[in-house]
Amino acid sequence: MLTLQCLREERDRVLAALTKRHIDAASTVDQILDLDAQRRATQTELDQVLAESNALSRQIGGLMREGKKDEAEAIKAQTAGLKDKTHELKEAMDAAEAQLQELLVQLPNTPCDLVASGKSADDNVEVFRSGEPPAAGGHAKPHWDIAKEFDLIDFDLGAKVTGAGFPFYKGKGAKLQRGLIRFFLERADEAGYTEYIPPHVVNADSGYGTGQLPDKEGQMYHMQDDDLYMIPTAEVPLTNIFRDVVLNASDLPTKLCGYTPCFRREAGSYGKDVRGLNRLHQFDKVEIVQIAHPDESYATLDAMVEHVKGLLEGLELPYRILRLCGGDMGFTSAMTYDFEVWSAAQERWLEVSSVSNFETFQANRLKCRFKDEDGKNKFVHTLNGSALALPRIVAALLENHQDHDGVVIPKALVPYVGFERIDA
RNA sequence: GGAGGUUUGGCAGAGUUGGUCGAUUGCACCGGUCUUGAAAACCGGCGUACCGCAAGGUACCGGGGGUUCGAAUCCCUCAGCCUCCGCCA
């Protein structure tokens with residue numbers, strides 16, 4: 001959530017930045033500023049009334065101690081009106097505050113200067129490309145056929161036991177999942193990320209802290225009896241570790257990572273997008289998170305991008321990096337790089353990672369601050385990235401590394417999965 | 001799930017017959033004096049947020065609500081932690 005201070009001091013800059021998302025926020029922002037002014041005026045008045053009332057109460061206390069009951073009663077009479085006034089003002093202030101919050105959470109983050117204006121994925125900017133589509137391209141079998149041929153993944157069984165989008169992984173398919181998770185975690189460990197195994201369900205406060213609530217409520221599975229949400233990404237529990245936390249400047253950057261399954265309802269998806277492993281309701285992912293000093297966060301973002309590049313190169317997959325345009329960026333992000341790998345059989349790019357800097361947007365909701373050099377509390381910047389999400393990686397591995405009678409496991413991965421080929 | 005206890009500032013720990021308590025004290029931390037330097041000792045500072053140009057004011061003693069002129073202190077409610085019982089991988 002954008003800070004009020006930012007809206008107050010940089011209204012025009014914020015509006016200009018939001019046009020990159022093709023949002024005209026002028027009326028919302030001005031409403032917010034009006035409500036803010038209203039709230040402040042009300043608070044000033046309320047504070048005065050409370051001060052008066054406190055002073056009288058203190059007098060009564062003093063008189064009671066001295067046994068001057070009559071005088072105390074006389075002053076008590078004076079407080080009657082103040083009480084009503086207090087209630088009235090309190091209500092007005094709470095109402096203004098509530099309206100203000102409601103509007104404030106509707107505003108997405110302001111894109112950083114480097115982000116291009118744009119409406120859709122077509123306007124994203126390719127900033128890097130590595131590798132060539134494999135020779136098999138054109139005749140390559142799609143991963144769902146390969147998965148079936150070698151009995152790696154059973155989609156039908158998943159549909160029977162749970163529902164569409166919840167596959168079973170079997171045999172070498174399961175080992176490949178386990179190996180990839182280990183590979184990603186070991187690489188993160190080597191890069192200095194502390195590993196966590198977080199809860200897979202979170203409370204509403206956490207959903208709010210990272211920005212899934214209130215706007216993406218429908219994308220998470222919700223357990224009504226206990227009012228808990230299944231995590232759509234490890235970002236939620238890992239970042240919420242820092243909710244209501246004040247760090248020391250020396251704690252920054254804080255680097256952490258974790259493997260979790262991720263659960264997404266994906267309401268409204270259909271067609272070729274959901275075929276095979278392209279889009280699932282449950283999938284595995286290793287997430288990296290950093291809590292950074294505001295001055296360093298973009299260098300941190302670059303470092304995280306480099307980390308993900310290393311992973312894809314280890315897997316020998318052709319990939320490209322896009323800097324998302326304003327219209328394609330997530331609600332909470334100030335800048336996002338998407339990683340896409342080439343799918344040889346589908347002959348299209350598949351998104352496998354998204355690395356973002358949220359600047360203070362999440363920190364403001366989380367109330368995660370650090371003590372700066374002057375001893376003042378300031379918001380940190382939060383960042384995260386998939387490193388990596390498994391299903392489309394598996395799809396690309398199967399499709400791109402297939403040969404005449406099987407699939408070759410990339411060298412870097414062999415020690416983790418325990419075999420060199422998938423074949424009959 | 002049942003019964004009881006508990007929840008105070010970074011930590012420890014006072015304060016519960018309601019009244020200068022936003023809160024005693026110790027430790028930790030920061031600054032200073034002393035010292036060649038350090039330690040010790042002494043002096044001073046040391047929660048957060050909001051309003052205000054400032055002086056200053058307001059709110060917060062797990063969360064929310066209530067009683068009262070006035071609540072950390074009383075009541076209700078929710079949550080966390082601890083102990084015992086039940087159930088259980």
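These numbers come from a predicted model, not from an experiment. Proteins come first, then strands; the chains are lettered A, B, ... in the order of their sequence lines, and each starts at number 1.
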Using atom [atom1] of [X] as one end and atom [atom2] of [N] as the other, report the distance to the nearest whole Å.
| X | N | atom1 | atom2 | answer |
| --- | --- | --- | --- | --- |
| A:Gln5 | B:C50 | CD | P | 9 Å |
| A:Lys376 | B:C46 | NZ | P | 17 Å |
| A:Gln78 | B:G70 | CD | C1' | 15 Å |
| A:Asp94 | B:U58 | CG | P | 18 Å |

What interatomic distance, in whole Å, is found between [atom1] of [M] and the corresponding atom of [N]?
| N | M | atom1 | result |
| --- | --- | --- | --- |
| B:G4 | B:C78 | P | 14 Å |
| B:G13 | B:C42 | P | 24 Å |
| B:U58 | B:C21 | P | 14 Å |
| B:G1 | B:C51 | C1' | 48 Å |
| B:U24 | B:G15 | C1' | 8 Å |
| B:U67 | B:C76 | C1' | 10 Å |

Heavy atoms only, 4.0 Å cut-off, all strands: where does A:Lys90 land among base, sugar-phosphate and nothing?
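Touches nothing.
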
Contact class for A:Thr79 (heavy atom, under 4.0 Å): base, sugar-phosphate, or nothing?
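If one applies the 4.0 Å heavy-atom cut-off, A:Thr79 turns out to touch the sugar-phosphate alone, with no base involved.
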
Identify all side-chain donor-acceptor contacts of residues 308-316 of chain A below 3.5 Å with residues at least two apart in sequence or on another chain.
from	atom 1	to	atom 2	distance (Å)
A:Lys309	NZ	A:Glu306	OE2	3.2
A:Glu313	OE2	A:Tyr319	OH	2.5

Fit a plane to each ring of A:His222 and A:Tyr229, take the angle between them on a 0 to 90° scale, and name the class: parallel (under 30°), tilted (30 to 60°) or perpendicular (over 60°).
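Rings of A:His222 and A:Tyr229: parallel, under 30°.
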
For A:Leu247 and A:Cys368, work out which heavy atoms get closest and say how close.
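Nearest heavy atoms, A:Leu247 then A:Cys368: CD1-SG, 4.2 Å.
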
Could you give me the CA-CA distance, side-chain angles and deciding distance for A:Tyr298 and A:Asn357, then say whether side chain to side chain contact (heavy atoms under 4.5 Å, CB included) is met?
CA-CA 7 Å; A:Tyr298 279 94; A:Asn357 186 355; 3.3 Å; yes

Once pairs are restricted to Watson-Crick or G-U wobble with both distances under 3.5 Å, how does RNA chain B read as a dot-bracket string, [ ] for crossings and | for other-strand pairs?
((((((((.[[[..)...(.....]]].(((((.......))))).(((((....))))).[[[[[..)....]]]]])))))))....

Does A:Phe331 have A:Lys216 sitting over its ring (NZ/CZ under 6.0 Å from centre, angle to axis within 45°)?
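No; the conditions do not both hold, so A:Lys216 does not lie above the ring face of A:Phe331.
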
